[in-house]
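All remarks here apply to the structure that follows.
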Amino acid sequence: MGGLLAITMPMQALVATVFTWSVTALGAAVVMMTRRTHPTAMDAMLGFGAGVMLASSFWSLLEPGIALADELGQICWLTAGLGLLAGGALLMVGDLLLTHILPEECSNSRKRTCLLMASITLHNIPEGLAIGVAFGALTGEVTEAALTSAWMLAIGIALQNFPEGAAVSLPLRREGMSRRRAFWYGQLSGIVEPIAGVLGALLAVAVRTVLPFMLTFAAGAMIAVVVGELVPESQRNPHKSLMTLATLLGFMVMMVLDVGLS
């Protein structure tokens with residue numbers, strides 16, 4: 001049974017991250033149908049996805065990581081603290097590098113778009129990793145609640161991938177790029193998720209001793225994405241109270257699914 005799970009969990013991680021990538025492509029495909037999308041609807045999706053991801057960071061990643069660290073005889077607070085900070089720090093360092101490198105490589109008219117695309121691509125890596133690690137962690141004991149939690153994490157990430165895909169393709173179209181090329185680059189920003197997802201699941205399956213660190217690392221990276229990008233982006237909308245409500249609703253939905261099914 002353990003050998004079968006070692007195969008099926010990475011496969012489920014692949015399916016889940018291909019799904020999140022497809023939603024990115026669906027968002028990018030908006031450029032084929034319209035010149036613009038309703039900003040309030042897009043920001044509400046970002047806010048809802050942020051809430052889901054924030055709740056998932058604790059109940060699907062951080063809490064299981066702490067519990068597993070305790071089970072393996074590790075110092076729980078040290079493993080969790082180092083993993084959380086390392087995941088967040090990696091994202092912040094990546095953002096700093098992008099702001100210094102990309103403006104020199106992109107033409108002046110497309111600097112912001114290049115930076116946006118690279119930033120979204122960078123943030124998709126920990127999202128894919130988080131999904132992969134969440135599925136990989138199930139190889140020890142698969143319960144309906146744990147499996148549902150992993151899939152809900154993927155759905156939450158997929159929800160905020162839709163506006164991200166459009167956020168890449170629409171500006172490229174405005175810069176004069178053809179619809180097909182704008183769509184191509186928009187969906188390309190999400191291709192890293194299946195790659196990171198499968199790698200995360202395989203590592204989680206193969207090296208159980210580092211799984212607590214990987215779980216908390218993914219949690220830190222996801223929290224950094226939520227706090228640094230998704231929430232501020234959604235709060236730029238003039239209907240801030242509505243965006244906050246969407247974030248709270250996303251958090252509540254994920255919390256109910258995690259806690260209610262456990």
Side-chain angles (χ1 to χ4, degrees), residues 16-17 19-21 23-24 26-28 30 36-65 84-85 87-88 90-92 94-95 116 119-131 133-134 145 148-168 170 189-190 193 215-262:
T17 48
F19 165 66
T20 59
W21 174 27
V23 177
T24 302
L26 189 62
V30 169
R36 65 186 299 272
T37 56
H38 200 289
T40 299
M42 301 289 275
D43 290 340
M45 290 185 68
L46 276 179
F48 185 89
V52 171
M53 290 171 64
L54 193 59
S56 299
S57 296
F58 178 74
W59 278 289
S60 298
L61 298 171
L62 191 58
E63 187 182 46
L84 193 73
L85 290 176
L90 182 64
L91 261 292
M92 289 186 285
D95 279 338
L116 177 64
S119 178
I120 289 175
T121 302
L122 173 68
H123 294 161
N124 281 338
I125 295 174
E127 291 171 8
L129 178 66
I131 294 172
V133 171
T148 300
S149 176
W151 275 102
M152 280 305 302
L153 171 60
I155 291 172
I157 289 174
L159 283 172
Q160 56 88 34
N161 277 0
F162 184 89
E164 285 185 354
V168 174
L170 291 173
S189 65
E193 284 192 0
L215 284 165
T216 56
F217 179 92
M222 279 185 57
I223 291 172
V225 172
V226 171
V227 176
E229 296 293 330
L230 301 185
V231 171
E233 185 67 26
S234 67
Q235 287 292 318
R236 291 177 184 175
N237 192 285
H239 305 290
K240 291 187 177 182
S241 296
L242 180 60
M243 300 304 109
T244 301
L245 181 61
T247 302
L248 290 172
L249 183 62
F251 190 98
M252 183 197 71
V253 168
M254 190 65 201
M255 178 186 68
V256 169
L257 287 169
D258 265 324
V259 178
L261 292 175
S262 61

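All values derive from a computational prediction rather than experimental measurement.
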- [ ] Name all residues meeting the side chain to side chain donor-acceptor pair (under 3.5 Å) criterion together with Thr216; count only those two or more places apart in sequence or in a different chain, and write none if there are none.
- [x]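 Not a single residue meets the side chain to side chain donor-acceptor pair (under 3.5 Å) criterion with Thr216.
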
Open item on the list: Suppose we screen for side chain to side chain donor-acceptor pair (under 3.5 Å). Which residues come up paired with Glu127, at least two apart in sequence or across chains?
Closed with: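 Gln160.
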
Report the distance from atom [atom1] of [X] to atom [atom2] of [Y], rounding to the nearest 0.5 Å.
X	Y	atom1	atom2	value
Thr24	Glu193	OG1	CD	5.5 Å
Trp151	Ile131	CH2	CD1	9.0 Å
Leu26	Phe19	CG	CZ	9.5 Å

Task: Exam field: side chain Asn124 to backbone Ser189, donor-acceptor pair closer than 3.5 Å - done: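 Yes; at least one donor-acceptor contact below 3.5 Å.
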
TODO: Check for a donor-acceptor pair, side chain of Asn161 on one end and backbone N or O of Val23 on the other, with a separation under 3.5 Å.
DONE: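 Checked: no pair found.
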
Smallest separation among heavy atoms of [X] and [Y], with atom names:
X	Y	result
Asp43	Glu233	OD1-O, 4.1 Å
Leu91	Ala221	CD2-CB, 3.7 Å
Ser57	Ala219	O-CB, 3.4 Å
Ala154	Thr20	O-CG2, 3.3 Å

Open item on the list: Working note: Leu242 + Asn237, criterion side-chain contact (heavy atoms from CB on, under 4.5 Å); need CA distance, chi angles, decisive distance, verdict.
Closed with: CA-CA 9 Å; Leu242 180 60; Asn237 192 285; over 6 Å; no

Could you go through residues 244-256 and list every donor-acceptor pair under 3.5 Å that involves a side-chain atom there, pairing it with any protein atom two or more places apart or in another chain?
unit_1	atom_1	unit_2	atom_2	d
Thr244	OG1	Gln235	NE2	3.1
Thr244	OG1	Lys240	O	3.0
Thr247	OG1	Gly47	O	3.1
Thr247	OG1	Met243	O	3.1

Task: Val133 and Phe217, any side-chain heavy atoms less than 4.5 Å apart - done: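 Of all side-chain heavy-atom pairs linking Val133 with Phe217, none is under 4.5 Å.
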
- [ ] Begin from the C-alpha positions of Leu84 and Ile223 and carry the test side-chain contact (heavy atoms from CB on, under 4.5 Å) through to its verdict.
- [x] CA-CA 9 Å; Leu84 193 73; Ile223 291 172; 4.0 Å; yes

